[in-house]
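Inspection log for the structure reproduced underneath, given as structure tokens.
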Amino acid sequence: MKSDFLKTCEETCDYLFRNSSQDPFFKRVLTNPFLKKKSAEIRSQLFQVFEVYRPQATKDSNQHPSTYQAITWNLERGKNFEAILETFQISPHFKNIDLFFLTEVDWGMTRSGNRNIAAELGEALGYYAYFAPSYFNLTRGHGSERHVAGQNLYGLHGKALLSKYPLQNLR
């Protein structure tokens, strides 16, 4: 079931796609009643963490170690998803890692195939996946990304956390 937040993001992306304009986005948000309302709704809900994938529980998934192995990686939106996934799967540096802290992660951006990057990685690797949006993107991206065909599904960009263990009270 889609949350109200995702519905709002989807409606806004659809509106932006159907009502293109040459006006700067900050002006449109200030003068267009629909965009003004939707941007306020998105802004009020932006700072939350979503559990986007939960693997089948195993008997040791609740037994946390006394120390953790962690890696951070800037995924550059997840635009090269197959290569990223392959790196996760074959790199010896990624074996036995408990937590992956990921930056520049898309959810529903056309530039990355409208994927939920965190959820797809979590599922492929058997990790719990969490996503925290940093912002809602009013465009398809910057530079050459603006010329990618299609429309954003949710337009979210943020951070993700992949964990071998279920986590609670994330903020």
Side-chain angles (χ1 to χ4, degrees), residues 1-55 72-85 88 99-125 127-163 166-171:
M1 185 170 150
K2 206 179 293 180
S3 72
D4 289 341
F5 175 66
L6 292 179
K7 287 178 190 173
T8 300
C9 292
E10 188 174 30
E11 290 168 0
T12 307
C13 286
D14 187 56
Y15 180 88
L16 288 166
F17 184 75
R18 287 184 292 106
N19 298 281
S20 64
S21 171
Q22 295 302 322
D23 291 339
F25 280 100
F26 76 91
K27 276 188 179 179
R28 291 180 70 192
V29 169
L30 292 174
T31 60
N32 180 303
F34 178 85
L35 290 176
K36 194 174 203 175
K37 177 180 184 259
K38 291 298 182 182
S39 66
E41 289 174 16
I42 291 168
R43 194 171 33 255
S44 74
Q45 300 178 58
L46 197 56
F47 302 105
Q48 56 185 310
V49 178
F50 297 87
E51 180 181 72
V52 293
Y53 181 75
R54 174 179 285 268
T72 106
W73 187 6
N74 180 327
L75 293 188
E76 296 185 24
R77 300 153 181 73
K79 292 188 291 188
N80 296 308
F81 183 82
E82 287 75 19
I84 291 167
L85 179 58
F88 271 104
L99 301 165
F100 291 96
F101 297 97
L102 308 174
T103 58
E104 288 198 22
V105 179
D106 282 352
W107 185 0
M109 292 287 300
T110 193
R111 65 188 178 195
S112 53
N114 273 319
R115 292 179 135 122
N116 182 336
I117 299 297
E120 289 190 37
L121 287 173
E123 183 175 9
L125 302 170
Y127 278 66
Y128 292 83
Y130 305 91
F131 178 82
S134 298
Y135 60 87
F136 173 81
N137 204 326
L138 293 162
T139 69
R140 285 176 260 175
H142 72 282
S144 64
E145 296 168 349
R146 290 189 177 184
H147 306 292
V148 173
Q151 79 179 76
N152 292 337
L153 179 61
Y154 299 125
L156 296 172
H157 182 76
K159 297 159 281 302
L161 174 62
L162 303 180
S163 172
L167 303 174
Q168 298 175 353
N169 301 320
L170 296 173
R171 298 179 249 273

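Listed by chain and residue number, Asp23, Arg28 satisfy the side-chain contact (heavy atoms from CB on, under 4.5 Å) test with Ser21 (two or more places apart in sequence, or in another chain). Pro24 pairs by the side-chain contact (heavy atoms from CB on, under 4.5 Å) definition with Phe26, Lys27, not counting sequence neighbours. Every residue two or more places apart in sequence or in another chain was checked for a salt bridge (Lys or Arg N to Asp or Glu O under 4.0 Å) with Lys159, and none qualifies. Scanning for side-chain contact (heavy atoms from CB on, under 4.5 Å) contacts around Phe17 gives Gln151, with sequence neighbours left out. The salt bridge (Lys or Arg N to Asp or Glu O under 4.0 Å) search around Arg54 returns Glu51, not counting sequence neighbours. Residues forming a side-chain contact (heavy atoms from CB on, under 4.5 Å) with Val52 (at least two apart in sequence, or on another chain): Phe50, Trp107, Asn116, Ala118, Ala119, Ala129, Phe131. Residues passing the salt bridge (Lys or Arg N to Asp or Glu O under 4.0 Å) test with Arg171: none are found, sequence neighbours excluded. Take Arg140 and apply the salt bridge (Lys or Arg N to Asp or Glu O under 4.0 Å) test, not counting sequence neighbours, and it matches no residue. Listed by chain and number, the residues in a side-chain hydrogen bond (donor to acceptor under 3.5 Å, both in side chains) with Asn152 amount to none (sequence neighbours excluded). Take Glu104 and apply the side-chain hydrogen bond (donor to acceptor under 3.5 Å, both in side chains) test, not counting sequence neighbours, and it matches Asn74, Arg77. Qualifying side-chain hydrogen bond (donor to acceptor under 3.5 Å, both in side chains) partners for Lys36, counting only residues two or more places apart in sequence or in other chains: none. Under the side-chain hydrogen bond (donor to acceptor under 3.5 Å, both in side chains) criterion, Gln45 pairs with no residue, sequence neighbours left out.
In this structure, Glu145 contributes its side chain and His142 its backbone to a donor-acceptor pair below 3.5 Å.
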